[in-house]
Amino acid sequence: MRRMLIAGNWKMQQDHKSALEAAEQLRDMTSDSELLICPDFLALPEMSRILRGSQVKLGAQDVWTEDRGAFTGEVSAQDLKKFCEYVIVGHSERRIKNHENNELLSKKIVNSLKNSLKIILCVGETLEQRDSKKAEEVIKEELEVCLDGLTSEQMEDVTIAYEPIWAIGTGKTATPKQAEDMHRSIRKIISAMFDENVAQSTRILYGGSVKPENAKDILENEDVDGVLIGGASLKPESFRQIASHSHGQ
Ligand code: PGA
């Protein structure tokens with residue numbers, strides 16, 4: 001059975017004080033689904049203190065490939081692990097704005113798993129790729145390279161987030177059918193790479209302009225196991241409303 005995951009990606013959208021205030025407001029939140037917030041690196045230590053004992057877990061928005069060394073500006077999985085349980089890898093903003101490719105992401109994933117961090121791997125196509133019917137091909141390559149060499153056991157700690165790039169921060173959401181269709185394709189790709197058991201137990205989230213108003217329709221789909229929320233996760237109340245449409249399993 002796949003337990004739903006309702007995850008918020010706060011990006012670099014708020015200052016430190018607002019992040020801590022939002023954490024205070026989220027502390028007593030409960031749900032049948034797993035709850036996760038990914039603030040910026042700086043907020044993690046203080047938020048982990050605020051959320052101790054809370055159902056709301058923490059994740060980082062990125063990680064580096066090595067544990068230690070001359071890597072100016074980077075943060076290691078070994079250190080992140082002290083403050084959070086998850087890490088987002090391969091968000092399209094990092095793929096595009098920071099030029100991260102699948103090979104780099106694969107290294108980040110391997111090293112994070114070695115450090116017992118759980119992964120949320122983002123995949124997704126541009127509008128141009130969708131219009132030219134290349135969406136599935138792009139996502140297949142992202143999955144095949146990023147998950148290359150992982151064992152079935154390691155896949156237990158990997159969640160996929162399908163985030164069509166044209167739907168992120170644009171107010172345009174994939175229709176529930178578009179999301180369901182792509183989630184099924186992703187499951188097929190995972191089945192071919194590993195086996196049907198791994199495909200059936202891997203969680204696949206949808207992300208891209210998820211809001212309280214559209215969460216129910218998205219979360220109703222059989223192959224949608226939760227959501228990765230950007231803008232609408234910044235307000236604790238709207239994060240709560242979205243989670244209220246989830247149903248645990
Ligand atoms: P959005 O962002 O919900 O603001 O579209 C989603 C994401 O980038 O994960």
Side-chain angles (χ1 to χ4, degrees), residues 4-15 18-19 22 26 33-41 43-44 56-63 84-100 105 108-109 112 117-127 129-130 135 138-139 142-143 146 158-176 178-179 182-183 186 203-219 221 224-246:
M4 279 201 168
L5 172 63
I6 307 299
N9 173 10
W10 284 357
K11 308 190 181 182
M12 203 184 70
Q13 299 282 22
Q14 58 192 348
D15 63 28
S18 312
L26 287 167
S33 303
E34 201 175 344
L35 302 170
L36 177 72
I37 293 290
C38 304
D40 64 44
F41 287 134
L44 281 171
V56 181
K57 296 176 174 173
L58 281 175
Q61 297 173 13
D62 189 33
V63 64
C84 62
E85 189 172 324
Y86 282 84
V87 61
I88 298 174
V89 174
H91 191 282
S92 58
E93 285 153 12
R94 295 208 62 88
R95 288 177 186 265
I96 297 165
K97 296 173 186 167
N98 300 69
H99 312 288
E100 298 196 355
L105 302 176
K108 291 186 176 192
I109 291 172
S112 296
L117 270 179
K118 294 178 183 160
I119 307 292
I120 299 178
L121 169 64
C122 299
V123 296
E125 80 284 2
T126 62
L127 191 54
Q129 289 161 339
R130 172 161 282 266
V138 169
I139 286 164
E142 290 179 332
L143 292 169
C146 292
V158 175
T159 295
I160 309 295
Y162 168 54
E163 298 208 304
I165 295 167
W166 47 273
I168 295 178
T170 57
K172 281 190 212 147
T173 322
T175 62
Q178 282 172 325
M182 191 55 87
H183 284 220
I186 291 172
R203 276 191 303 208
I204 307 175
L205 315 181
Y206 169 79
S209 299
V210 174
K211 316 181 253 282
E213 304 82 63
N214 59 23
K216 185 166 179 289
D217 287 347
I218 293 166
L219 287 165
N221 291 285
V224 175
D225 307 312
V227 282
L228 180 55
I229 318 154
S233 70
L234 292 166
K235 290 207 172 73
E237 193 41 42
S238 80
F239 185 70
R240 271 177 211 272
Q241 279 171 22
I242 294 170
S244 74
H245 294 300
S246 68

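For ligands, and for the atoms within them, numbers begin at 1 and follow the listed sequence.
The distance criterion of under 3.5 Å between nitrogen or oxygen atoms is met by Gly231 with respect to ligand 1. Between Lys11 and ligand 1, an N or O atom pair is found at a separation short of 3.5 Å. Considering backbone and side-chain N/O of Ile229, none are found under 3.5 Å from N/O of ligand 1.
Residue contacts with ligand 1, taken as heavy atom pairs separated by less than 4.0 Å, do not involve Cys122 at all.
A donor-acceptor pair shorter than 3.5 Å can be found between the side chains of Trp166 and Glu125. Side chains of Ser238 and Gln241: no donor on one and acceptor on the other come within 3.5 Å.
Legend: residues meeting ring pair (Phe, Tyr, Trp, His ring centres under 6.0 Å) with His245, ordered by chain and number and at least two apart, are absent.
Ligand 1 is approached by Gly169 to a heavy-atom distance shorter than 4.0 Å. Judged by the shortest distance from any of its heavy atoms, His91 lies inside the 4.0 Å radius around the atoms of ligand 1. Residue contacts with ligand 1 leave out Ala161, since none of its heavy atoms falls under 4.0 Å from the ligand. Within the 4.0 Å heavy-atom cutoff, Ser209 counts among the residues contacting ligand 1.
Considering only non-hydrogen protein atoms, atom 9 (O) of ligand 1 sits nearest to Glu163 OE2, 2.6 Å. Protein heavy atom closest to atom 6 (C) of ligand 1, with residue, atom name and distance, is Gly230 N, 3.5 Å.
Contact atoms of ligand 1 toward Ala167: 5 (O) (distance under 4.0 Å to a heavy atom of the residue). Distances below 4.0 Å separate heavy atoms of Gly208 from the following atoms of ligand 1: 5 (O).
By the 4.0 Å N-to-carboxylate-O rule, Asp62 lies close enough to Lys108 to be salt-bridged with it. Looking at Glu34 and Arg203, a side-chain N of the basic residue comes within less than 4.0 Å of a carboxylate O on the acidic one, giving a salt bridge.
The minimum heavy-atom distance linking Ala60 with Phe41 is given by the pair CB-CE2, 4.0 Å.
A side-chain donor-acceptor contact under 3.5 Å links Ser209 to the backbone of Gly171.
Side-chain contact check for Arg94 versus Leu105: every heavy-atom pair is 4.5 Å or farther apart.
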